[in-house]
Amino acid sequence: MQKIAVITGITGQDGAYLAELLLEKGYVVHGTYRRTSSVNFWRIEELGIDKHPNLNLVEYDLTDLSASIRLLQQTGATEVYNLAAQSFVGVSFEQPITTAEITGLGPVNLLEAIRIVNPKIRFYQASTSEMFGLVQAVPQKEDTPFYPRSPYGVAKLYAHWMTINYRESYGIFASSGILFNHESPLRGREFVTRKITDSVAKIKLGQLDVLELGNMDAKRDWGFAKEYVEGMWRMLQAEQPDTFVLATNRTETVRDFVSMAFKAAGFTLRFEGKEEQEIGIDVATGKTLVRVNPKFYRPSEVELLIGNPERAKEILGWEPKTTLEQLCQMMVEQDIRRNQNGFSF
Ligand code: NDP
Ligand code: GDR
């Protein structure tokens, strides 16, 4: 039987990688994008899949129930991957209601549409380590208590529990992947790793003087996005719908990632000062290349994330392979190439 997948949010990082994976596996893929004044398909273009004969792009908004019903009716989907979200934590403090509507309630439109159109459709919900928030226990795993610290985290937690509720109430094959941060050259530039690698590239090429950041003490468990979308697919091929953590079980500070990225471009940094006064100095020239700007601080912060992916390994056979050093190197090299060519989304 032809497998037909809907991916919401194909213009995002994960949507692009997942589309690539499913097309390789022979799926027909319906990828959704939002109507905006300037739709941007740079990620699927960069992967070279934008003109794939089995890829169909569909205009869709997650906040619309009728559109969700039509999407499932018209595509005949067998699997739905809900990756669409207002996904930037920082913005969620400024736009809590929009974030709740898209990131929290949006997935319920799809779950309801599945219930109405075809309860046999398998559903993946993109849950997040942000739901763990304030540290309760480490490393975090599927049964660690949640304590979200942002409107984004709260909205995702609601959608996570609704996914479980539809699984238990209606027998829908609805799985939730609690994914820790995953990055790539296709990461949006508003997120810290890509902001860093793009800025390092610009500094290297003489296009930028200083990189400004917020909290450099925050610790994250960073993996490679291309491997994480494989985990999403495996969750929907499993025997039972369930909840799985995907993570690397290694955590580093933002400052560590800064050092690593500068090193990948041939710089050695030395950090001086504390908190708002902290700066990163190029050891070779004495120039300040990094400084803190409090405008990037968040009203409340998630200080430490480190995930235990044992369950995903045991049941799905999923394991991360790329090291943070390899990932960082890949991102810096790609950003140097892009900035040399005058292209950097
Ligand atoms: P991105 O921000 O790169 O992509 C989000 C996608 O959602 C974009 O395609 C965006 O479209 C789309 N979208 C936003 N609002 C709507 C809407 N109202 N209707 C339809 N589509 C919409 O996120 P990632 O690819 O990084 O992440 C994918 C998912 O996984 C997200 O749900 C995110 O919250 C979650 N997640 C991500 C992690 C990570 O580390 N990357 C970790 C854990 C969870 P547009 O281009 O028009 O804005
Ligand atoms: P996060 O990712 O909030 O973990 O959410 P982000 O890269 O935005 O922040 C990571 C940490 O870096 C600190 N930080 C900065 N962050 C940004 N964006 N810009 C800065 O200048 C900066 N300086 C320091 C942040 O305070 C934070 O502690 C991401 C998103 O992809 C979510 O959708 C996803 O659910 C989680 O990862 C897991």
Side-chain angles (χ1 to χ4, degrees), residues 7-18 31-36 38-44 58-64 67-68 71 81-93 98-99 101-103 105-107 109-110 124-133 148-150 152-153 155-156 159-160 176-184 186-196 199 211-225 228-229 232 245-247 253-255 257-258 290 292-305 307:
I7 301 174
T8 66
I10 198 160
T11 54
Q13 169 188 257
D14 291 7
Y17 279 123
L18 182 62
T32 80
Y33 67 97
R34 280 192 293 180
R35 202 215 78 79
T36 55
S38 56
V39 178
N40 200 331
F41 294 120
W42 72 271
R43 292 184 173 91
I44 54 173
V58 192
E59 208 169 85
Y60 165 77
D61 195 300
L62 183 62
T63 58
D64 192 320
S68 304
L71 178 69
Y81 295 85
N82 180 40
L83 308 186
Q86 189 305 92
S87 77
F88 189 33
V89 173
V91 160
S92 80
F93 289 98
T98 306
T99 303
E101 284 168 354
I102 299 175
T103 306
L105 265 184
N109 288 321
L110 280 173
Y124 173 83
Q125 169 58 14
S127 292
T128 164
S129 51
E130 283 295 298
M131 301 187 312
F132 294 122
R149 294 270 283 170
S150 65
Y152 167 79
K156 280 282 184 185
H160 171 69
S176 179
I178 306 181
L179 273 51
F180 282 63
N181 298 53
H182 44 279
E183 320 295 314
S184 74
L186 299 186
R187 189 59 145 149
R189 276 193 307 189
E190 65 274 36
F191 301 101
V192 80
T193 57
R194 178 81 203 293
K195 176 176 172 180
I196 293 166
S199 302
L211 160 63
E212 288 192 338
L213 291 167
N215 176 14
M216 285 200 277
D217 291 315
K219 296 182 93 172
R220 288 292 181 275
D221 178 330
W222 283 294
F224 180 27
Y228 284 51
V229 302
M232 297 175 185
V245 159
L246 300 186
T253 62
V254 170
R255 186 181 302 100
F257 191 88
V258 171
V290 183
V292 172
N293 184 337
K295 96 172 178 203
F296 297 112
Y297 287 163
R298 291 171 184 178
S300 60
E301 178 64 283
V302 172
E303 293 293 350
L304 168 62
L305 289 173

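Worth knowing before you read on, the calculation uses all heavy atoms, side chains too, and leaves out hydrogens, waters and symmetry mates. Order of listing sets the numbers, starting from 1, for every ligand and every atom in it.
- Below 3.5 Å of separation, one finds no N or O of T193 facing any N or O of ligand 2.
- Residue-ligand proximity, S129 to ligand 2, at heavy-atom distances under 4.0 Å covers atoms 38 (C).
- In terms of polar-atom proximity, T32 is not counted as a contact of ligand 1, lacking any N or O under 3.5 Å from an N or O of the ligand.
- Judged by the shortest distance from any of its heavy atoms, E101 lies outside the 4.0 Å radius around the atoms of ligand 1.
- Looking at S300, its side chain does come within 3.5 Å of a backbone N or O of R149 through a donor-acceptor pair.
- Counting heavy atoms under 4.0 Å from ligand 1, residue S127 touches it through the backbone alone.
- If you check each of E183, R187, E130, H182 against atom 29 (C) of ligand 2, the one with the closest non-hydrogen atom is R187.
- Taking the ring axis of F191 as reference, the NZ or CZ atom of R194 does not stay both within 45° of it and closer than 6.0 Å to the ring centre.
- Atom 9 (O) of ligand 2 has as its closest protein heavy atom R298 NH2, 3.6 Å.
- Some N or O of Q13 is nearer than 3.5 Å to an N or O of ligand 1, by distance alone.
- Shown in contact with E301 at under 4.0 Å from a heavy atom are these atoms of ligand 2, numbered in order with element: 25 (C), 26 (O), 27 (C), 28 (O).
- N181 ND2, 3.7 Å is the protein heavy atom nearest to atom 2 (O) of ligand 2.
- Checked against the 6.0 Å centroid threshold, Y17 and Y228 do not count as a close aromatic pair.
- In terms of N/O distances under 3.5 Å, ligand 1 is not approached by L179.
- Take F257 and apply the ring-ring contact (aromatic ring centres under 6.0 Å, His included) test, not counting sequence neighbours, and it matches W222.
- Between R187 and ligand 1, a contact under 3.5 Å exists for at least one N or O pair.
- Taking any N or O of N181, backbone or side chain, none lies under 3.5 Å from an N or O belonging to ligand 1.
- By the 3.5 Å distance cut-off applied to N or O atoms, A85 is counted among the residues near ligand 1.
- At least one N or O atom of G214 sits closer than 3.5 Å to an N or O atom of ligand 2.
- The residue from F180, F191, Y152 that puts a heavy atom closest to atom 35 (O) of ligand 2 is Y152.
- G9 CA, 3.8 Å is the protein heavy atom nearest to atom 6 (C) of ligand 1.
- Of the protein's non-hydrogen atoms, S87 OG, 3.5 Å is the one closest to atom 23 (O) of ligand 1.
- Not one N or O of E183 is nearer than 3.5 Å to an N or O of ligand 1, by distance alone.
- Not a single heavy atom of Y297 sits closer than 4.0 Å to an atom of ligand 2.
- Considering backbone and side-chain atoms together, T63 places no N or O closer than 3.5 Å to any N or O of ligand 1.
- Closest to atom 32 (C) of ligand 2 among all protein heavy atoms lies S87 O, 3.3 Å.
- The side chain to side chain donor-acceptor pair (under 3.5 Å) search around E101 returns none, not counting sequence neighbours.
- Of the candidates L211, T253, V192, L304, V192 brings a heavy atom nearest to atom 7 (O) of ligand 2.
- If you check which protein heavy atom lies closest to atom 4 (O) of ligand 1, you get G12 CA, 3.4 Å.
- Using a 4.0 Å cutoff on heavy atoms, I102 counts as a contact of ligand 1.
- Looking at ligand 1, you'll find an N or O of L62 within less than 3.5 Å of one of its N or O atoms.
- If you check which protein heavy atom lies closest to atom 25 (O) of ligand 1, you get D14 N, 2.8 Å.
- Among all protein heavy atoms, the one lying closest to atom 18 (N) of ligand 1 is D61 OD1, 3.0 Å.
- For the side-chain contact (heavy atoms from CB on, under 4.5 Å) with V254, the lone residue among D217, I196, T193 that qualifies is I196.
- Any N or O atom pair closer than 3.5 Å counts here, and H182 shares at least one such pair with ligand 1.
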